[in-house]
2 protein chains.
Amino acid sequence: MGVDITPYVGTAFRLLRERTEVSQEDLAFRAGLDRTYVSGIECGRRNPSLKSMQHLAAELSVSLDQVFILARKLAGQTEKLPAQKRVRKPRAHG
Amino acid sequence: MGVDITPYVGTAFRLLRERTEVSQEDLAFRAGLDRTYVSGIECGRRNPSLKSMQHLAAELSVSLDQVFILARKLAGQTEKLPAQKRVRKPRAHG
DNA sequence: CTGTGACTGTTAGTCCGTT
DNA sequence: AAACGGACTAACAGTCACA
């Protein structure tokens, strides 16, 4: 259950930011936040509020759900399941 | 831009909760939160932190991205575009 | 069972600077 | 450009009485 996704959300924000080639400082300014705070979020040391994350996402031109989808992907990658191959059930052709 | 999604996130949580037929009281207890705090979130009067939302989502057996996808849907519905009726071009029946 | 205002302690979030 | 620290203020977490 209780996997703390905070660091993954931070990484997701970082990845999304780097894609736009904007600095933390610049993003922070545009989102109306402090640069040290954005740093703390990306490093997974902070527990940001809904509004803070929304502002960040808005400035990165993504919706919040995209951030969390990415975060969950990142969390999933680290959760090394035993590489179970997806078996596609062949469809009975009738 | 700056559409405040806080109330939509609250509604999303409420919808997700009602789907499971559990009371605020019950959910709050299971998520380790206060009953009135959950109420405040659902009513959009609170600006919850990432961790608060994560606890709630976990108890509702959904991922946070699902919450935000629903929230965005709700926000879209309320964005009443000028009631533009979708005009389906009637297909000439011959 | 749920909504709200008010309250306290904690933390979110800022601003300074250093590495 | 980014991580990190300290001191600071605004806002949130968490709770209660009451509606």
Side-chain angles (χ1 to χ4, degrees), chain A residues 1-62 64 67-68 70-71 74 78, chain B residues 1-64 67-68 70-71 74-75 78:
Chain A
M1 289 211 330
V3 178
D4 183 21
I5 60 170
T6 306
Y8 301 110
V9 171
T11 304
F13 271 118
R14 164 163 292 161
L15 256 27
L16 260 10
R17 176 180 62 82
E18 289 177 339
R19 186 173 290 192
T20 70
E21 291 183 325
V22 69
S23 66
Q24 287 180 353
E25 200 169 7
D26 215 24
L27 172 61
F29 175 76
R30 282 161 41 181
L33 296 172
D34 192 81
R35 88 179 197 282
T36 65
Y37 186 55
V38 173
S39 170
I41 291 174
E42 288 191 0
C43 293
R45 260 182 295 103
R46 293 287 194 153
N47 177 27
S49 71
L50 175 53
K51 279 180 184 169
S52 294
M53 292 188 290
Q54 188 192 353
H55 290 144
L56 245 22
E59 283 306 320
L60 292 172
S61 304
V62 297
L64 263 185
V67 176
F68 284 99
L70 177 52
L74 293 168
T78 324
Chain B
M1 298 207 320
V3 179
D4 183 21
I5 60 169
T6 306
Y8 301 110
V9 171
T11 304
F13 272 118
R14 165 162 293 162
L15 256 26
L16 259 9
R17 175 180 62 81
E18 290 176 339
R19 188 173 288 191
T20 69
E21 291 182 327
V22 69
S23 66
Q24 286 181 354
E25 202 168 6
D26 217 23
L27 170 61
F29 175 76
R30 282 161 39 182
L33 297 174
D34 192 83
R35 194 205 102 227
T36 64
Y37 185 56
V38 174
S39 170
I41 291 175
E42 287 191 0
C43 292
R45 292 172 341 101
R46 295 279 191 155
N47 177 26
S49 69
L50 175 53
K51 279 180 183 165
S52 293
M53 293 187 290
Q54 189 190 351
H55 289 142
L56 244 23
E59 282 307 319
L60 292 171
S61 304
V62 297
S63 50
L64 266 182
V67 175
F68 286 104
L70 178 51
L74 294 168
T78 324

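Reckoned from all heavy atoms, side chains included, excluding hydrogens, waters and symmetry mates.
In terms of heavy-atom proximity, B/Val22 sits nearest to B/Arg30 at CG2-NH1, 3.8 Å. Closest of all the heavy-atom pairs between B/Leu64 and B/Phe13 is CD2-CZ, 4.4 Å. Between A/Asn47 and B/Ser49, the closest heavy-atom pair is ND2-OG, 3.2 Å.
Contact check, A/Arg35 against D/dC4: no side-chain N or O comes under 4.0 Å of OP1 or OP2. Taking side-chain N and O atoms only, B/Tyr37 has no distance below 4.0 Å to OP1 or OP2 of D/dG14.
Along DNA chain C, the nucleotide closest to B/Ser23 and the one closest to A/Thr36 are compared, and the more 5′ of them pairs with B/Ser23.
Closest to the side chain of A/Gln24, from the set D/dC12, D/dA3, C/dT2, is D/dA3.
Inspection of the B/Ser39 and B/Thr36 side chains reveals no N or O donor paired with an N or O acceptor under 3.5 Å.
The interatomic distance linking A/Leu56 (CG) with C/dA12 (P) rounds to 15 Å, in whole Å. For the pair B/Asp34 CG and C/dG3 P, the computed distance is 13 Å after rounding to whole Å. D/dA1 atom C1' lies 11 Å from atom CZ of A/Arg14, rounded to whole Å. A/Leu33 has its CG atom 16 Å from the C1' atom of D/dT9, to the nearest Å.
The shortest distance between side-chain heavy atoms of B/Asp4 and A/Lys51 falls below 4.5 Å.
Side-chain atoms of A/Ser52 never come within 3.5 Å of backbone atoms of A/Pro48 as a donor-acceptor pair (strictly under, hydrogens ignored).
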How far apart are the C-alpha atoms of B/Arg35 and B/Asp26, what are their side-chain angles, what is the distance that settles it, and do they pass the side chain to side chain contact (heavy atoms under 4.5 Å, CB included) test?
-> CA-CA 8 Å; B/Arg35 194 205 102 227; B/Asp26 217 23; over 6 Å; no
Run the numbers on A/Glu59 and A/Arg17 for salt bridge (charged side-chain N to carboxylate O under 4.0 Å, His left out), then give the verdict.
-> CA-CA 9 Å; A/Glu59 283 306 320; A/Arg17 176 180 62 82; over 6 Å; no
Could you walk me through whether B/Thr11 and B/Leu15 pass side chain to side chain contact (heavy atoms under 4.5 Å, CB included), step by step?
-> CA-CA 6 Å; B/Thr11 304; B/Leu15 256 26; 4.2 Å; yes
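Base pairing in DNA chain C gives the following stems of 3 or more Watson-Crick or G-U pairs, range against range and under 3.5 Å: C:2-19 with D:2-19.
Contacts between residues 39-52 of chain A and DNA chain D, counted as heavy-atom distances below 4.0 Å, involve A/Ser39, A/Cys43, A/Arg45.
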